[in-house]
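As the structure is a computational prediction, the values presented were derived from the model and not from experiment. Letters go in sequence order (proteins before strands), and every chain restarts at 1.
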Amino acid sequence: MTVRTRVAPSPTGDPHVGTAYVALFNYCFAKKHGGQFILRIEDTDQVRSTASSERMILEALRWVGLSWDEGPDVGGPHGPYRQSERAELYQEAAATLLDSGHAFRCFMTADELTEARAAHQASGATQSMISPYTDLPRAESDARAAAGDAFVIRLRTPREGTCVIQDRLRGAIEVPWDQVDQQVLLKSDGFPTYHLANVVDDHHMAITHVLRGEEWISSAPKHQLLYQAFGWQMPELVHLPLLRNPDKSKLSKRKNPTSILYYQRMGFLPEALLNYLGRMAWSMPDEREQFDLSEMLEHFDLDRISLGGPVFDVTKLEWLNGVWLRDGLTEDEYAQRVMDWAFNREFLGQIIPLVRQRANKLTDLAPLASFFLQGLIDLKPEDLQGFKGIESDDETRRILTWSLWHLEALAEWEADGIQAVLREMAEIMGVKLRVLLAPFFVALSGQRSSTPLFQTMGILGKDIVRARIRHAVDTLAPISKKEQGRWQKAYDQAVAAHVAALAAQG
RNA sequence: GUCCCCAUCGUCUAGUCAGGCCCAGGACACCGGCCUUUCAAGCCGGCGACGCGGGUUCAAAUCCCGCUGGGGACGCCA
C-alpha cells in the first residue's frame, strides 16, 4: 500500500505557520515512505472562505519550499481538491448514513439550540447534549423535510461504553461514548462540516495516514464512528503537539505573529523558517540545529517526535535565520535574496509613489522610506508622549489597542478599508481623526510624520502593523490582564452603542 | 465544570519504548572572557532542569500509581 498523506488548510485567513508545520511533517512522512503528499482545500465554511486566502496559503507553502503531488493547482487523479466542488459526494454520504440509521435529521433552530445549550450547561450535566429529534421516526422526519422545514443531519452516537482510538504516538486513547456529541455532519445550507467532509475525502483520496494537530484528538471518536458506519478502513492517526505562544497556550495571532507572510516580510529565509518548524517537536538523530528539507527527509522518523507542546520562540528562529544568512548562502545568493525580499520593482513600486513628492534627491529616500524595510521600530516612551489632544499614556495605549481590535474585523487589508475603520474608531472614541492617528505615525514609522498613513499601513501589511502597534503599546506599558478585560468590555459596549446610534439614525 | 492529552534548564531538545554508560548532554537566551579600530560574527567559560509523593528494583529521568501543573476539546469553525 502506498503511503498517502495530506494537509487540509481552511482558506479563512492568512497562511498560518501551524499549517506549514503540519504540512512539513505530512510531507516528510509520505516521502520517507516513497508515497504521495496531497494538498486539499477545506472550504466548506461558505461564510469565511475566500479565494484570496486560498491563493496566499498555496503561495506561502510553496515559498517555504513544500510541494505536493496532488492539489487544486496541480490536479491529480482524485480531484477535485477543493471541498466546495465535491458537494454531491457529501450529500450522498449523508443520505447513506440517514438510510443506515447512523445519522438523523435535527430540526432545531439556531435559537432553540442556543437555549438548549445554555440549559444543558446550567443543569450541570456531565454528558454531551442529545437532540430531541434523535429518535424521531424516519417517516415523520421525511415528511418534515419534504414540507421544507430546515434541518441539519447529525451523527447518531452510542450513549454507553467506551470508544478506543489508536494514536500512532500515544497508543490507545479511551473516551467514554457519553462524552461524544451528536456532531452536525451536514449543515442546513447543505454543506458538510469538517468531520464528514474530511472522512469522505480521506477515503476517496486513499489517504493512509493523517498527521494533524492535537486539537483533533477529541473528535477522533466521531471520525472513527463514521469510518465504521461507511465500512471503510480508517487511516492511521498521528496527532502532532500544538505550537504554543510563550505563555503555553495554543499559538494565536493575538499573542504572537502567526502568519507566514509576516515572517517573510520580516526578512526570514524560507529555509530557516521551515528548518525551525522542523525543530518543533522533532530533532535530528545527531541533534544538529541547521538542516534543509532533504536532510530532514533523509532522517525523518515519527518516533523522534516529542509530545510536549513546543513554544514558538521567535528569538531562536532569529538566531537560526542568522545561521542560514551567514553560512547557508553565497554572496551572490544573498544579494538575490535581498532583491527578492524588498529591493524589487513590485515592492519599491508601492513605496515610490508615496515618497517621490517628498524627496529632492535619491538620498532623501532612505530616511523617508527606511521604516518600510525595518522590523520592529525602536521606541522610547517619550516618543509616544505629548500628542496634542491626548491627555495620558493610557489614552494613547487605548487608542492604539482599540483601533487594532477594530482593524481585526477588516476582511481585506487595503488603504480604503483601513481608512474607513479608523474613521469609525475616531467617532466611537469621540476624538478627531488627526488626534487618533498621531500615535500611529510614531508607532509605525518612528516619526511624528511620514508617508500617508492608510497607504503606508496597506503596504506594511496587517502583521507588521499589528506587531509594531503592540510594540508601541508595550513601550508605554504592557497591557495587564485586568486592563485587557476592562478594555475589551468597554470596547464591546462602545461599538454596540455606535451600531445602535447608527441604526437609530436610520 | 466534564472528557482527553502532556510533563527534562526561562525556551527548543537528547536521553524514556529495550532501567545501570546521566550527581543528566547539546542549542537559543542571559552573564563573563578571548579575538578585534568599533559593533557583530567566531572561540572559550559560567548560570541553569529530570514538577511533587508513593511504589517496583541491587539500581529509576527512564517502569507503575496518585497528586499537582500546563494544554486541548466541548460550534450548523476548521
Less than 3.5 Å between a donor and an acceptor, one on the side chain of [X] and one on the base of [N], is that the case here?
| X | N | value |
| --- | --- | --- |
| A/Lys316 | B/A27 | yes |
| A/Ser188 | B/C76 | yes |
| A/Glu287 | B/G25 | yes |

Which part of the nucleic acid, if any, lies within contact of [X], taking any heavy atom under 4.0 Å across all strands shown: a base, the sugar-phosphate backbone alone, or nothing?
| X | result |
| --- | --- |
| A/Glu42 | sugar-phosphate |
| A/Met108 | base |
| A/Arg288 | nothing |
| A/Thr12 | nothing |
| A/Val184 | sugar-phosphate |
| A/Gln127 | nothing |
| A/Thr44 | sugar-phosphate |
| A/Arg304 | sugar-phosphate |
| A/Met129 | nothing |
| A/Asp45 | sugar-phosphate |
| A/Arg279 | base |

Between [atom2] of [N] and [atom1] of [X], the distance in whole Å:
| X | N | atom1 | atom2 | result |
| --- | --- | --- | --- | --- |
| A/Asp181 | B/A73 | CG | P | 13 Å |
| A/Asp286 | B/A27 | CG | P | 13 Å |
| A/Ile153 | B/C76 | CD1 | C1' | 12 Å |
| A/Asp178 | B/C4 | CG | C1' | 13 Å |
| A/Glu214 | B/C4 | CD | P | 14 Å |
| A/Asp167 | B/G72 | CG | P | 18 Å |
| A/Trp282 | B/C12 | CH2 | P | 18 Å |
| A/Leu251 | B/U11 | CG | P | 16 Å |

Which value, in whole Å, describes the distance between the [atom1] atoms of nucleotides [N] and [M]?
| N | M | atom1 | value |
| --- | --- | --- | --- |
| B/G48 | B/A59 | C1' | 27 Å |
| B/U37 | B/G45 | C1' | 26 Å |
| B/C52 | B/U68 | C1' | 7 Å |
| B/C28 | B/C5 | C1' | 27 Å |
| B/C63 | B/C12 | C1' | 27 Å |
| B/A27 | B/C47 | P | 15 Å |
| B/A29 | B/U11 | P | 16 Å |
| B/C67 | B/C30 | P | 41 Å |

Please pick, from [options], the nucleotide with the shortest atom-to-atom distance to any side-chain atom of [X].
| X | options | value |
| --- | --- | --- |
| A/Ile173 | B/A78, B/C5, B/C76 | B/C5 |
| A/Arg326 | B/G42, B/U11, B/G72 | B/G42 |
| A/Ser306 | B/U13, B/C5, B/A73 | B/U13 |
| A/Ser218 | B/C76, B/A73, B/U13 | B/A73 |
| A/Arg48 | B/A78, B/C77, B/C4 | B/C77 |
| A/Ser249 | B/C76, B/G71, B/U11 | B/G71 |
| A/Ser283 | B/C28, B/U13, B/A78 | B/U13 |

Could you tell me whether [X] and [Y] have a side-chain N and a carboxylate O separated by less than 4.0 Å?
| X | Y | value |
| --- | --- | --- |
| A/Asp14 | A/Lys462 | no |
| A/Lys32 | A/Asp301 | no |
| A/Arg170 | A/Glu214 | yes |
| A/Arg82 | A/Asp73 | no |
| A/Arg40 | A/Asp202 | yes |
| A/Lys316 | A/Asp313 | no |
| A/Asp135 | A/Arg156 | yes |

RNA chain B contacts made by residues 234-248 of chain A, counting heavy atoms under 4.0 Å: A/Leu242, A/Arg244, A/Lys248
Neighbours of RNA chain B within residues 156-166 of chain A, by heavy-atom distance under 4.0 Å: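 Nucleic-acid contacts, sorted: none.
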Is [N] paired to anything, Watson-Crick or G-U wobble with both distances less than 3.5 Å, and if yes, which nucleotide?
| N | result |
| --- | --- |
| B/A41 | none |
| B/C63 | B/G55 |
| B/G1 | B/C74 |
| B/C35 | none |

Within the 6.0 Å centroid threshold, strictly below: [X] and [Y]:
| X | Y | result |
| --- | --- | --- |
| A/Tyr81 | A/Trp68 | no |
| A/Phe312 | A/Tyr276 | yes |
| A/His33 | A/Phe29 | yes |

Whether A/Tyr21 and A/Phe25 hold their rings parallel, tilted or perpendicular, with breakpoints at 30° and 60°: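 Perpendicular, since the angle between the ring planes exceeds 60°.
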Aromatic ring pairing A/His223/A/His195, orientation class (parallel under 30°, perpendicular over 60°, tilted between):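 Correct class here is tilted.
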Would one find a side-chain N or O of [X] under 4.0 angstrom from OP1 or OP2 of [N]?
| X | N | value |
| --- | --- | --- |
| A/Thr315 | B/U11 | no |
| A/Lys187 | B/C77 | yes |
| A/Arg117 | B/C76 | yes |

Most 5' of A/Leu307 and A/Ala125 on RNA chain B, judged by nearest nucleotide: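 On the 5' side of the pair lies A/Ala125.
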Of A/Lys250 and A/Leu169, the one whose closest RNA chain B nucleotide lies more 5': A/Leu169
Distance-only donor-acceptor check, side chains A/Arg86 and A/Ser84, under 3.5 Å: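 There is no such pair (donor and acceptor under 3.5 Å, judged by atom type) between the side chains of A/Arg86 and A/Ser84.
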A/Glu408 side-chain N/O to A/Trp405 backbone N/O, donor-acceptor pair under 3.5 Å: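 A pair under 3.5 Å: no.
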